[in-house]
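Worksheet: the structure to be examined is printed underneath.
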Amino acid sequence: MYVVRPVEAGDIAALEALAAVTMPGVHTLPKTRDKIEQAVERSLASFAAQVDIPSEESYLFVLESLAERKIVGTAAIFASAGSNGTYFSFRNDVIQQVSRDLNISHSVHALTLCSELTAYSQLSSFYLDASVPEGPAPALLSRSRLLFAVQQPQRFGDRFFVPLAGVTDEHGGSPFWDALGRKFFKMDFLDAERTIGGARNRTLIVELMPHYPVYVPLLPGDAQAAMGQIHPSGEQAFDLLTEEGFEADEYIDIFDGGPILQAHKHALRTFTGSQTLRVRTSLDAAPAEGPLYDYAIANNAGPGFRAVTIASAELEGCEAVALSPEIQDILRVADGDSVTCVRL
Amino acid sequence: MYVVRPVEAGDIAALEALAAVTMPGVHTLPKTRDKIEQAVERSLASFAAQVDIPSEESYLFVLESLAERKIVGTAAIFASAGSNGTYFSFRNDVIQQVSRDLNISHSVHALTLCSELTAYSQLSSFYLDASVPEGPAPALLSRSRLLFAVQQPQRFGDRFFVPLAGVTDEHGGSPFWDALGRKFFKMDFLDAERTIGGARNRTLIVELMPHYPVYVPLLPGDAQAAMGQIHPSGEQAFDLLTEEGFEADEYIDIFDGGPILQAHKHALRTFTGSQTLRVRTSLDAAPAEGPLYDYAIANNAGPGFRAVTIASAELEGCEAVALSPEIQDILRVADGDSVTCVRL
Amino acid sequence: MLVVRAINENDLDALYSMATQVGTGMTTLKPDMQMLGDRLATACASFAETIPPEQRDYMFVMEDTSNGRLAGVCAIKGAVGLTEPFYNYRIGTLVHSSRELNVFTKMDTLYLSNDLTGSSELCSLFLHPDYRQGHNGKLLSKSRFLFIAQFPHLFTQKIIAEMRGYQAEDGSSPFYEGLGRHFFKMDFHHVDDLTALGKKSFIAELMPRQPLYIDYLPKEAQDVVGAVHKSTAPARRLLEQEGMHYEGYVDIFDAGPVLQARVSELRAIRDSDLAVVSPDTDMTHACAPAHPEPTLVSNTILKDFRMIVTQATPVNGAIDLSTLDQQLLRCHAGDTVRTLPLNVRKNNV
Amino acid sequence: MLVVRAINENDLDALYSMATQVGTGMTTLKPDMQMLGDRLATACASFAETIPPEQRDYMFVMEDTSNGRLAGVCAIKGAVGLTEPFYNYRIGTLVHSSRELNVFTKMDTLYLSNDLTGSSELCSLFLHPDYRQGHNGKLLSKSRFLFIAQFPHLFTQKIIAEMRGYQAEDGSSPFYEGLGRHFFKMDFHHVDDLTALGKKSFIAELMPRQPLYIDYLPKEAQDVVGAVHKSTAPARRLLEQEGMHYEGYVDIFDAGPVLQARVSELRAIRDSDLAVVSPDTDMTHACAPAHPEPTLVSNTILKDFRMIVTQATPVNGAIDLSTLDQQLLRCHAGDTVRTLPLNVRKNNV
C-alpha cells in the first residue's frame, strides 16, 4: 500500500538518499542536504500558508511505501512558475512562406524566447524509486498534486505545465544546448544547469539568451533531432501526463530542448473527472461484483493531505464510496467525511 | 418558416439587392454583380466537388424566407483560409517584463504579424436582412455552415475562425488603420479594403505590412481602444459565435483591428452537441408535452443541403426525431432518413 | 590610345559585342539587345540631364582610338532602391552579458535592411581581356571618381559598390548554402538570375525577417561573410585606395561586401585639382617633380566627359598636355581640366 | 597661460572642486571623492601604460599656470562596452513596396544594438564657466585629437562621442516620454541616474528588443531623434569639424546623437605634422605666411602629454616656439612637437 502525503521534516534523510541516485542534468530533486532542507521548509510553509493569489509557494509531496515505511517517490507543484521572475521557454512558431511568383509554399519553424508560462503553475520533481512496481502507484503520485489543486484552486493558476528533461549524451552533453545556449553562456550544459540550479526564471536568462527567434532549419541536425525529445528517465512521467490531458509540441525548454507539456485545467482529467464523495465504511472484505477500477482517493485536509489508491466498482454517478477502516485510517477520514476521487 | 440552403444560380439578383444595403468597409458580401456571380459559381463548384483535402472551396449558404420566397440572409465558409496564399493576422502577444533590481514587473502587449490561421477554415459573409425577426433564424443561419462541416469533415480544417469587422468612424475611417496600415499602404482604410477586396492572404500584405511586432503602448489611444472591438453591425454575429464556443482575444485583424474569433472544432457546440437522428413522421399537430426547445435540423444531402429549425421536446438521448410532412418536404427527407440536429 | 568617355548613341553595337564577352557573374551587363538599348538610352538621357538625378545611370566606355574598339565599360547609378527595394544584410553586434555569471558574449548579427536605399552606386565594371594590362584597369575604375569629383552635386551623400561574394571552386556559395537555401529551396544561380531579372518580391516573401546570429550559421558560411570572389579582390583594392570602406553591409545571397564612402571623403574629392591647359614654360618646368607620376586628367564637360591617364603633371595650376592628349580630351590650351594623381600618395602618418 | 596636460596624482582636490561646478547632465563627472579618486588612478595608470589599452581612460586637465587652477577637463576612454554592454539605437531603413499597388514606403527604424562595443570614446568634456572665452573651448576639445594623432596605435579603429539629447524647456525628454517611459515606468532623470551608477542590467530586462518603426512614435519624439541638447550644439560642431559624423546611432533614452569617425579619417591624423623646435631664421621667416593662423602644438611624450595653442606657425618642418611656450610644453629647442592648425582649412572643392 502506498500513500502520497506532503513532505515532513522527518523525511530529509530519506530524500537525501533518493537524491544520491538521480541522474546528473535531470533536475528532479535538489542534490545537497542544504537544498533539500530548504525545499522541505518551503513546502511546509506553503501548505501552512493562507493563500489568496498563487505566488512563491511550492508544495512537495512524497510517495511512501507503508509496508516498508520508506519514501519511494517525490512530486512537487509550484504555485506560480514566474513568481520569482519571468519563466522563459521557447515557443514553437510556424511561419508560412508562400511565393506565388515562384510557386513556393512551405513552413519554417522558429523558436521564440517567450514568457507565456510565467503565470502557470508548474509540476516538477517527479521521481520514483526503481523499487516501485508498475501499477497504480506512479499515477497516484503524479495525480495527487492535481487532486490537491482541485481542492484548493485559489492556490494555483488556471493553467499547468511540466518541463521534462531533454536528451543528453553519455557524457551529460546536450546537442540542443551545444547549438544554442552554449554560444551565449560559454559553458558546458551541466555547468550551466548547476550554476542556474535548474531555474528558468532568473535575470541572467534574459541577459544571456537570444532575444530573436531561432530559425530551426539553421540548427545542426542533432540539435533539431533533440527538440522536444524526452530523456529516457522521463518516459513514464510523459505517458502519465499525456494520459492526464497535457499536450506537448507548443513549448520546449530553453536549455536542453526537452518538451514542456501544458494544459488548461479544464483539459485535465483530474479536474474534469474528479468527484467529491462521502465516505461509507465497508466491512465487507469480499470484492464487489462486476469489474473493478483503480481510483485515487484523497482526503480534503490541506496540510494533512493524504491520497491512496483503491480498486472499486465504478464510482461515477455515486454519492459515496465504501472505504475499509484501514484505508480510512490512512486517509484520516471517518464515515460521512468528504473525499475527492478520480479514476486512474 | 426559414430554410438555409446552398446558394443557387437563381439567387444572383436577390443577392445583388441585399449587397446594395450593406455597409461600406464591412466585407460581408461581394458588391458587384460580377463578383456575386463569381461567388455563386465558386460555391456551386465547391458543393459539387469531390474533396479530399480542403483547398480553395468556398461554400455560400442563403437564408430563405419560405413565406415570402425571398433571400433574407447569407453565410459562407471557406475550406482553407490560406489556400490561395498566406492568411495574415495579428497575434496578441504578452511579454512579461521583470526587473528584480528595480522591483518592476509588468506586461507589455505586442501585435505580431502571423500566419497561424492559414490552414484554418474561415466563416464569413454572415449577413441578415433587417426584416428577419429575433428568434431561432439567425442562429440557424450561423450554425448551418457548421452542421455542414460536421457532416463533411474532410472538406474543412480542424480549426475554424471568423474575422468580424472592426470599428470605423462615421466617415468610414478606422483609428487602428490610421495608426498602422496607413503608414505602410499610404491610403485610406476604405481605399485599401477596396483595393484588396477584403482579402488577407495576398502577396502585397507581406510586402507592405510591418514584419516586426508592434508594441501596443506605442499606439495612439484611439487605436488601442479599437483593438478587438466589433463594428456594431457584427454584434449579433459575435454573440452567436461566442455562444457557439468561439474565442476572441488571441488574434485581431491586420487592417481594422477587429476581433478574430477562433476555436478548435472540438470546442464548438455544433460539433460536440450535434447528433444524427432518424426521421419519424409526426402527424400530431398538437405540441408535445413538457418544455420545447429550438433545434436546427439538417438533411445530409451534400449539394442538396437544407436546414430548418423546429421546436421539439428534448432530443438528447433519442434515436429519432418527429418531423411533420411539411418539414420533411422542406428538408427533402422521408421517414427513416438520417438528419443532423443540434439544440440552438 | 585609350580614352574613357561618356557613352553615346552610336555605341550600342560595340556595347553588345562586349557584353558577349562578360560571362556569368555580372548580372547588369548581359548580351540582350533590348536591355542594353534601354540602358544606353537612360545613360544618354543622364548625361544630357533630361531625367531626374536619382534615375540617372552614367555609363562610361573605354575606347581604343587606334581602332575604334570598346575596351571596357563602367557606370554610376544615381540612386539605388527607389523603384525596387534594395536589400542587404547589415552586420551588427549584440552583447549578452551577465555580471552574476561573469559571462560576456559579443555576437555578430545579421539584420535584413534597406539602409542603402538612395545611395549612388558604382557598377558594371568590365575590362576586355585584351586590355588587361598597364594602368588600364585603374584608369577605367578611377575614371568614375574623377567624374564624381567634377560633378559632386549630381550624387547623394553616400556612394556604394557591391562586390561579388566568395564562391567555392565548384561555383557554389557557402553562405547561400548555409542560409538562403533553407528559405528559398532553389539553386544559388537560379536565385541570382531572378534578382537580375528584377523579380524581387520573392525576397520579401521568403527571406527570414528576424535578426540572425552569425554563430548559428555553419562554419563555412561564417567564414565568407564579407569575403570577395577571388577574381574581385583587385577591384576591391582599387576602390579601397579611393576611400571606400567595408562598413558591414553584405549581399543577402552570397555575403559579398558592399564598399561605401561619404562622397566628401573620397580621395578624388580631396586630392583632385583643377588645372589650365597651357604649354610648358621654363618656370613651370623648373618646379616640376623630377620623377613625374602618372596623372588622371579629365575635361569638365558633363555631356562629353572624357578622361585619360598621362605622364604630364600639373604644376601651380597649369598642365602641359600633348596635342594628342588634348585631342583625346577634346580640350585646348586655356581650357580647364581636372587632375588627380593616378596612385595614392603614401600616408604621412 | 593655459596648457592642456595629462592629469596626475596631485590633481584630485582640484578635480573634485571642479566637479562641484558641473551640475546635472554629465553623469561621468560627479563630485564624489571615491569615484573621482578611482578614475584618477585609472587615468594615471593609463598614461603610465600599466593597464591594457582597452581599460585605459586618458584624462586631460586644462591648467591655468598663472594661478595653478584647473580650468577644464576632458577624456578619452580606450574602449567602451567591454565590461557592461554599451547600448544604442541604430537607425536603419526598411522599404515596404508593392509593385501591384504601386506603393513604395521607406521607413526609418530603430534597432537596439551594441554595435559600438569596443570603440574608443571622447567624453567628460567640461570647461569652467570662468574660462569660456577665446580659443579655450577649442583647445580643450581638440587636444584629444592631437593626442590620438600622436599615439594612434593606442586606439581602436573607431572613435565615438555621445552627445546629450534634446530636452524640452522643462527638462523632459520628448523621446523618452514617447518610448522609454512605456517600458521603464519611471522618470527620465531616474533612469539616467541608474545608468550612471552602472546599474544597466535593467536595460536588458526591460527594453523592447524588436526593431521599431520610428513612425510609431509620437511626432514630438520623432522630431528629436539625433537632435542635441541646445547647450551641446557648439561641442557637436567642433567634433564635426574634426571629421566626426552622425551615422545614425542615438542614445536609447534621449535619442541624442553619437558622433563617430574612423581614426584614420580624423583631420588631426591627416593634417597634423611633426616639427622641430628651432629658433627663427631669416630663411624660415621669409617663407612664413603673412597672416599666421593659431596653431595647436603638443609635445610627443605620452606620460606628460601637454598641449597649447600658439600663434607660431610651422614652416618647412620647424617651429619657432617662445620660451614660455616651450616651458608650457616642457620641451626645448631640437625637440620634436606635433602641430595642427587650430581651425579647419576651407575645403578646396
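Chain A is the first sequence line, chain B the second, and so forth, proteins listed ahead of strands; every chain is numbered from 1.
Annotation: side-chain hydrogen bond (donor to acceptor under 3.5 Å, both in side chains) contacts involving residues 108-119 of chain C, sequence neighbours excluded, comprise C/Asp115-C/Tyr249, C/Asp115-D/Arg90.
Ionic pairing of C/Glu247 and D/Lys158 is not present here: no N-O contact between side-chain nitrogen and carboxylate oxygen is shorter than 4.0 angstrom.
Of the atoms belonging to D/Thr83, it is backbone heavy atoms, and not side-chain ones, that fall under 4.5 Å from chain C. Only the backbone of D/Leu112 comes within contact range of chain C, with at least one heavy atom under 4.5 Å from a heavy atom of that chain.
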Derivation of the side chain to side chain contact (heavy atoms under 4.5 Å, CB included) call for D/Glu84 and C/Arg99: CA-CA 8 Å; D/Glu84 286 281 357; C/Arg99 196 175 266 199; 2.2 Å; yes
Residues D/Gln157, C/His245; criterion side chain to side chain donor-acceptor pair (under 3.5 Å); working and verdict: CA-CA 12 Å; D/Gln157 210 179 37; C/His245 295 285; over 6 Å; no
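In terms of heavy-atom pairs under 4.5 angstrom with chain D, the leader among C/Arg262, C/Gln210, C/Met107 is C/Arg262.
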